[in-house]
Number of protein chains: 2
Amino acid sequence: MRFKKSTQELQKENFIQNLSYDCVIFGFNGKQLKILILEYHNTGFFALPGGFINRNESLDDAVKKGVKNRTGLDDIYLEQFQTFGSLTRSDPDAMKRIFKENDMDREIPDWLLDRFISISYYALINYDKVTPTPDELSDSIDWYSIDELPVLMMDHRKIVAKALQVLQDNLEKKLVGMNLLPSKFTMKQLQMVYEVILGEELRRTTFQRRILGMNILDRHEKLFQGKAHKAPYLYSFK
Amino acid sequence: MRFKKSTQELQKENFIQNLSYDCVIFGFNGKQLKILILEYHNTGFFALPGGFINRNESLDDAVKKGVKNRTGLDDIYLEQFQTFGSLTRSDPDAMKRIFKENDMDREIPDWLLDRFISISYYALINYDKVTPTPDELSDSIDWYSIDELPVLMMDHRKIVAKALQVLQDNLEKKLVGMNLLPSKFTMKQLQMVYEVILGEELRRTTFQRRILGMNILDRHEKLFQGKAHKAPYLYSFK
DNA sequence: TATTATTGTTACAAAATGAGACAATAAGAC
DNA sequence: GTCTTATTGTCTCATTTTGTAACAATAATA
């Protein structure tokens, strides 16, 4: 959970109480699976991007808006995967600290110190098209490799683990590659996406045969990379 | 969404606002896949069993408690599958009507007329061990076959459809049969569970070979049903 | 022109699945 | 008792899918 607006706008009446969302935003940099993590200024607190649900907007719209603000992207592939509601997951002390370090500890709305149930989404985005944008609470936001994450606040590590597990389960049925890759890509790139998500190496020939057999790709021109070997074809999703 | 307690106890301070849960409780009667549907008295409103989350209990505990009250069962297999949060899903007029028909329209707490975001679970239970129990708002609760459901309130039909879809997706990886069948069952019974969930017929020999190949079953004595043919073995999950 | 690394494709083996056949066997009919 | 009936457990063979390796094609470089 985190703030989208200045505290002026964080008025209790505007938002649904005790409810937040968190989003695991996946990107693929060509080699590794990455997620966007933000850091609250002067606290050493790392967290998933998130926010609250406005009383007069739908849950999905709230999340879309939040992710758009962080990434600059419209039409993002979003999937809701779990709602976390344990009694111990919230951390009012951390919340106080964040406000304090931003010289806002007099303004902290009391509803932010209450218990929160968090609805979690994951997003799949094209890494290269994103300009990660921190918000007014002056935190940074950056890509972290999935296997080199910093220690995260509250239960956010658990949320990431669940997101990855669901992503793995959905890998076959949901055309994950389409959203993590540019519109044209090589078979090798697609295979690497599958490999980083599954965390295991795949056999090149079997993978190629299976994917082509699905009949979901169009083949385009070759990609000449200036390397001393045969040039691969470019593909796109139909 | 529905009520667990008399309105005396439905005080705003006790519950998390704007948040409810709904539960699709699946059972298998030997032939059909059934779910528990309740009917509000004198309204013709059919709905999924559900409830609210107490401020000092975890989300999972709230749902466990609710399902236990309706079924009498402890240790229920529960799986959270989706949170519904559209702006249009709530229906304050229906809520008023329900209270009115129960001669409680003066007592209706105003927070019940507000927007609700609903966290949905499905449960898998042993049909024969359940005594469906209506609550103090004097409604009935009964089993309905999945393909003969009455018209449901609000978006509950959509919730059921999603539950069934997720159940289908989870069929292989989650040992669904274990929770819908008695501890000892025949191969035929297990196959029928798979068939009603998938909505398609399966080949007997292939099914048997596949399930036995998984090595998840123990074979026990034969079951003599008084029928003029070979008696099947009983199995249990390891 | 030869070398190198990677690619697309083919070939064959191994495993999984589809489809059918068949013997075994409880209980009822005679 | 013996025959009939319906269902079960198992086996066989064909088909499909997957695992594994081999090999020729080919961009760039030496």
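Proteins come first, then strands; the chains are lettered A, B, ... in the order of their sequence lines, and each starts at number 1.
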Start with the C-alpha distance between B:S183 and B:S236, add both sets of side-chain angles, then the distance that settles side-chain hydrogen bond (donor to acceptor under 3.5 Å, both in side chains), and finish with yes or no. CA-CA 6 Å; B:S183 59; B:S236 68; over 6 Å; no
Return yes when atom CD of B:Q225 has more than 12 non-hydrogen atoms of other residues, nucleotides or ligands closer than 6.0 Å, and no otherwise. yes
Scan residues 207-218 of chain A against DNA chain C and write down, sorted by residue number, each residue with any heavy atom closer than 4.0 Å; if none is found, say none. A:Q208, A:R209
Do B:F185 and B:Y233 have their ring centres less than 6.0 Å from each other? no
Rounded to the nearest 0.5 Å, what separation is found between the CG atom of B:L33 and the CG atom of B:L124? 8.5 Å
First-last contacting nucleotides on DNA chain C - partner chain B, under 4.0 angstrom, heavy atom: C:dT17 to C:dA27
I'd like to know if A:K31 and A:E195 make a salt bridge, using a cut-off of under 4.0 Å between side-chain N and carboxylate O. no
I'd like to check A:T83 versus B:T83 (side-chain heavy atoms, cut-off strictly below 4.5 Å). Are they in contact? yes
Rounded to the nearest 0.5 angstrom, the OG-CG distance for B:S86 and A:L59 is 9.5 Å
Could you check whether any side-chain heavy atom of B:L167 comes within less than 4.5 Å of a side-chain heavy atom of B:L171, counting everything from C-beta outward? no
Could you tell me if the ring centre of A:Y21 sits under 6.0 Å from that of A:F52? no
Mind running a 4.0 Å heavy-atom check of residues 223-238 of chain A against DNA chain D and sending the residues that fall below it, in number order? A:F224, A:G226, A:K227, A:A228, A:H229, A:K230
Which is it for B:F207 and B:L190 under the side chain to side chain contact (heavy atoms under 4.5 Å, CB included) test, yes or no, and what are the steps along the way? CA-CA 10 Å; B:F207 179 79; B:L190 184 58; 4.0 Å; yes
Side chains of A:D60 and A:S58: do they bring a donor and an acceptor to under 3.5 Å? no
In sequence, state the C-alpha distance, the side-chain angles, and the governing distance for A:D22 and A:S118, and then conclude on side-chain hydrogen bond (donor to acceptor under 3.5 Å, both in side chains). CA-CA 7 Å; A:D22 288 297; A:S118 180; 2.6 Å; yes
Neighbours of DNA chain D within residues 180-195 of chain A, by heavy-atom distance under 4.0 Å: none
For DNA chain C, which residues in residues 198-205 of chain A have a heavy atom at a distance below 4.0 Å? A:R204, A:T205
Give a yes/no verdict on a cation-pi contact between B:R219 and B:Y235, requiring under 6.0 Å between NZ or CZ and the six-membered ring centre and an angle within 45° of the axis. no
Are a donor atom and an acceptor atom from the side chains of A:Y122 and A:N170 found within less than 3.5 Å of each other? yes
Hits for side chain to side chain contact (heavy atoms under 4.5 Å, CB included) against A:K238, two or more places apart or cross-chain, chain-then-number order -> A:N215, A:D218
